Q: 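I'd like to ask you about the structure that follows.
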Amino acid sequence: MSELTLTVMRLGFLAVLWLFVIVAVQVIRSDLFGTRVTQRGSRRGNDANRQPQTGRQAAAAAAPPPQRGQQQGGGGRQRRGAPTKLVVSEGTLTGTTVALQGQTISLGRAHDSTIVLDDDYASSRHARIYPDRDGNWIVEDLGSTNGTYLDRTRLTTPTPIPLGAPIRIGKTVIELRK
Amino acid sequence: MSVVTNTTTIGAIEAPSRRNTELALLIFAVAIPVFAYANVGLAMTGKLPSGMLGYGLGLGLMAGVAHLVVRKFAKYADPLLLPLATLLNGLGLVLIWRLDQSPRLIQRAKSAWGKFSPDAPHQLLFTAVGVALFIGVLLLLKDHRILQRYTYISMAVALFLLVLPMFFPAVNGAKIWISIPGLGTIQPGEFAKIIIAIFFSGYLMVKRDALALASRRFMGLYLPRGRDLGPILVIWAMSILILVFETDLGTSLLFFGLFVVMLYVATERTSWIVFGLLMSAVGAVGVATFESHVQQRVKAWMDPFACYKTDGACQQIGDAIMSFGSGGTLGTGLGQGNSDLIGFAANADFILSTVGEELGLAGMMALLLIYGLIVERGVRTALAARDPFGKLLAIGLSGAFALQVFVVAGGVMGLIPLTGMTMPFLAQGGSSVIANWALIGILIRISDTARRPAPAPAPSPDAEMTQVVRP
């Protein structure tokens with residue numbers, strides 16, 4: 001066997017061995033970056049203390065959706081014009097988004113809510129947002145003290161949410177977006 | 001004064017099973033040893049080895065069956081453990097086969113025992129048994145928490161397995177083998193390693209609070225109460241006894257080290273590591289003062305070239321260090337080194353020096369990284385596991401694996417005195433391969449439980465109640 005062939009094979013083998021290690025490490029990467037972290041634009045606040053709290057709540061808000069896997073259930077069918085995410089546009093949680101995947105989203109100060117509101121005017125179980133059988137998103141007030149407002153009207157019955165209409169709970173404003 | 005802050009949203013993690021990733025890596029992991037096999041054949045005889053197809057198919061078949069079983073019975077298991085183990089085992093087979101071809105070793109065996117029998121076919125058979133045990137673990141062990149029930153039974157079994165070799169004659173100075181007539185020899189320590197990890201995790205899970213919380217703070221260390229020192233003293237005494245009566249540094253280091261690692265993980269107290277290191281230093285130095293076998297190993301470790309001409313142990317270490325040195329950065333190429341000069345145990349304890357010489361520093365680093373990745377996956381499994389027993393067991397198994405790699409690699413490279421342990425998966429030896437496949441099987445079972453997505457949460461019962469109450 002010629003010297004050259006053997007040298008090529010020797011270096012080739014080392015290269016292949018290292019390639020395997022690198023591929024294996026690439027598979028591990030998903031452990032470190034498996035969660036999609038999206039940086040959103042800067043937010044103004046006058047209380048630096050708020051930030052970690054907000055981060056935690058954002059994480060808590062997004063935690064329930066896993067394991068639903070593919071979009072399924074009530075509102076899952078991606079119809080045209082159907083909202084895909086819920087966005088907090090005002091209040092301490094400004095900027096938080098929750099993907100709408102057919103699950104019920106509960107809002108309130110209770111720790112097990114999907115979105116934990118840090119808002120003096122919110123009740124512990126304030127409202128919930130859920131898809132009905134046709135996939136329309138409905139907001140329902142759960143007997144809160146200070147009420148839930150869709151635009152300017154205080155809710156008394158479960159009401160479908162138009163795209164982009166502000167839902168107001170205390171100082172927090174939430175809307176559905178595509 | 002307004003502060004600009006950034007908020008982030010953490011998106012949902014899907015729960016992929018990653019089985020296809022595993023399959024792709026597995027094909028890669030079978031292809032690399034086949035490449036190595038061809039390389040050895042071309043370098044040593046100038047043509048492709050005749051057994052290449054059979055070897056490749058055999059390894060591929062075993063890996064394929066193991067993969068199918070994982071796919072069926074441990075769907076969410078870690079995708080890396082199986083390919084990494086397959087690659088190590090395949091490379092081990094090639095290296096053993098390569099040393100079988102060496103004329104020097106054949107000559108040596110003929111002059112010593114009158115005949116030469118190649119080790120690679122045996123090793124392939126042991127691999128098959130190991131993979132069968134791996135499959136057996138996955139089929140029979142549906143939930144690793146069942147093992148928790150056998151905490152004290154496994155203690156008894158492990159002690160039995162550890163004590164057993166004392167009653168058999170020493171082989172090459174260490175009593176770590178038992179011989180069964182007609183079956184050959186078994187190294188029970190390899191199996192005891194897994195069983196004792198089960199005992200430690202079951203025991204520490206119950207006792208961790210007592211060990212962690214009842215302590216006084218002194219000079220930045222948490223000092224445990226005297227009576228809580230009991231278990232560590234017992235294990236310490238056990239490992240000293242193994243060292244004295246079986247004259248095996250590796251086994252005793254492995255057991256004591258494993259206990260200290262698990263104690264630290266269970267209690268989060270640094271003081272246990274300090275105690276452990278102190279006690280093992282005291283024990284090792286104490287035993288070394290009167291045990292000649294240990295003294296000989298220490299002498300060979302301190303300066304192998306001083307006694308190179310007079311002492312076989314020194315010569316082995318000296319040869320191993322020289323073979324690492326002659327490998328250089330990129331190695332001499334598979335089949336072109338002279339690591340067979342080591343002679344005795346060249347394909348067992350000293351198989352790493354063949355890697356070091358023929359693949360060089362680059363290959364050695366890759367190999368150690370592969371071991372490191374297996375350990376990392378084990379620790380990761382422990383982090384992800386939801387039950388404390390599974391956490392401790394995964395840490396214990398990967399800790400035992402890591403300690404074993406360290407003890408062997410360190411011994412061969414001259415970092416610590418050489419011990420009679422085998423490199424997991426790589427070295428020739430049936431017990432080691434079989435036990436390590438079982439270890440990987442248990443890790444895969446734990447990781448499957450850990451990564452399996454929780455059942456979809458029931459729709460908020462609160463909301464339903466509200467709906468019922470409303471008129």
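In what follows, chains are A, B, ... by sequence order, proteins preceding strands, each numbered from 1. Keep in mind that what you see is a predicted model, and the values were worked out from it rather than measured.
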Q: Using a heavy-atom cutoff of under 4.5 Å, enumerate the residues of residues 362-369 of chain B that contact chain A, numbered in order, or state 'none'.
A: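 Result: A362(B), G363(B), M365(B), A366(B), L369(B).
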Q: Please answer whether the main-chain N or O of L359(B) pairs with a side-chain N or O of R10(A) as donor and acceptor at a distance below 3.5 Å.
A: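 Checking the backbone N and O of L359(B) against the side chain of R10(A), no donor-acceptor pair under 3.5 Å is found.
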Q: Looking only at heavy atoms, what is the nearest atom pair of F13(A) and L91(B), with distance?
A: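 Minimum heavy-atom separation between F13(A) and L91(B): CZ-CD2, 3.7 Å.
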Q: T21(B), T332(B), I370(B): which one forms the most heavy-atom pairs within less than 4.5 Å of chain A?
A: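 Most heavy-atom pairs under 4.5 Å with chain A: T332(B).
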Q: Is it the side chain or the backbone of A31(B) that comes within 4.5 Å of chain A heavy atoms, both, or neither?
A: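 It is neither, since no heavy atom gets under 4.5 Å.
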Q: Rounded to the nearest 0.5 Å, how far does CG of L334(B) lie from CG of L6(A)?
A: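 Interatomic distance, L6(A) CG to L334(B) CG, rounded to 0.5 Å: 10.5 Å.
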Q: Below 4.5 Å from any heavy atom of chain B, which atoms of L19(A) appear? Answer side chain, backbone, both or neither.
A: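 Both backbone and side chain.
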Q: Flag the one option from V21(A), T7(A), L11(A) with the top tally of heavy-atom pairs under 4.5 Å to chain B.
A: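 The candidate making the most pairs under 4.5 Å is V21(A).
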Q: At what distance, to the nearest 0.5 angstrom, does CD1 of I32(B) lie from CG of L17(A)?
A: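 So the CD1 of I32(B) and the CG of L17(A) are separated by 5.5 Å.
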Q: So how far is it from M9(A) CE to Q336(B) CD, rounded to the nearest 0.5 Å?
A: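 If I round to the nearest 0.5 Å, the distance is 10.0 Å.
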Q: Quick check on L373(B) against chain A: is it the side chain, the backbone, both or neither that has a heavy atom closer than 4.5 Å?
A: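 Just its side chain gets close to chain A.
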Q: Counting only heavy atoms not in F28(B), do more than 12 sit closer than 6.0 Å to its CZ atom?
A: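 For F28(B), atom CZ is crowded (more than 12 foreign heavy atoms under 6.0 Å).
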Q: Would you be so kind as to tabulate the donor-acceptor pairs closer than 3.5 Å made by side chains of residues 351-358 of chain B, with sequence neighbours excluded?
A:
from    : atom 1 : to      : atom 2 : distance (Å)
S353(B) : OG     : F350(B) : O      : 2.6
T354(B) : OG1    : S339(B) : OG     : 3.0
E357(B) : OE1    : S339(B) : N      : 3.1
E357(B) : OE2    : S326(B) : OG     : 3.3
E357(B) : OE2    : N338(B) : N      : 2.8
E358(B) : OE1    : R98(B)  : NE     : 3.0
E358(B) : OE1    : G335(B) : N      : 2.8
E358(B) : OE2    : R98(B)  : NE     : 2.7
E358(B) : OE2    : R98(B)  : NH2    : 2.8
E358(B) : OE2    : G337(B) : N      : 2.9

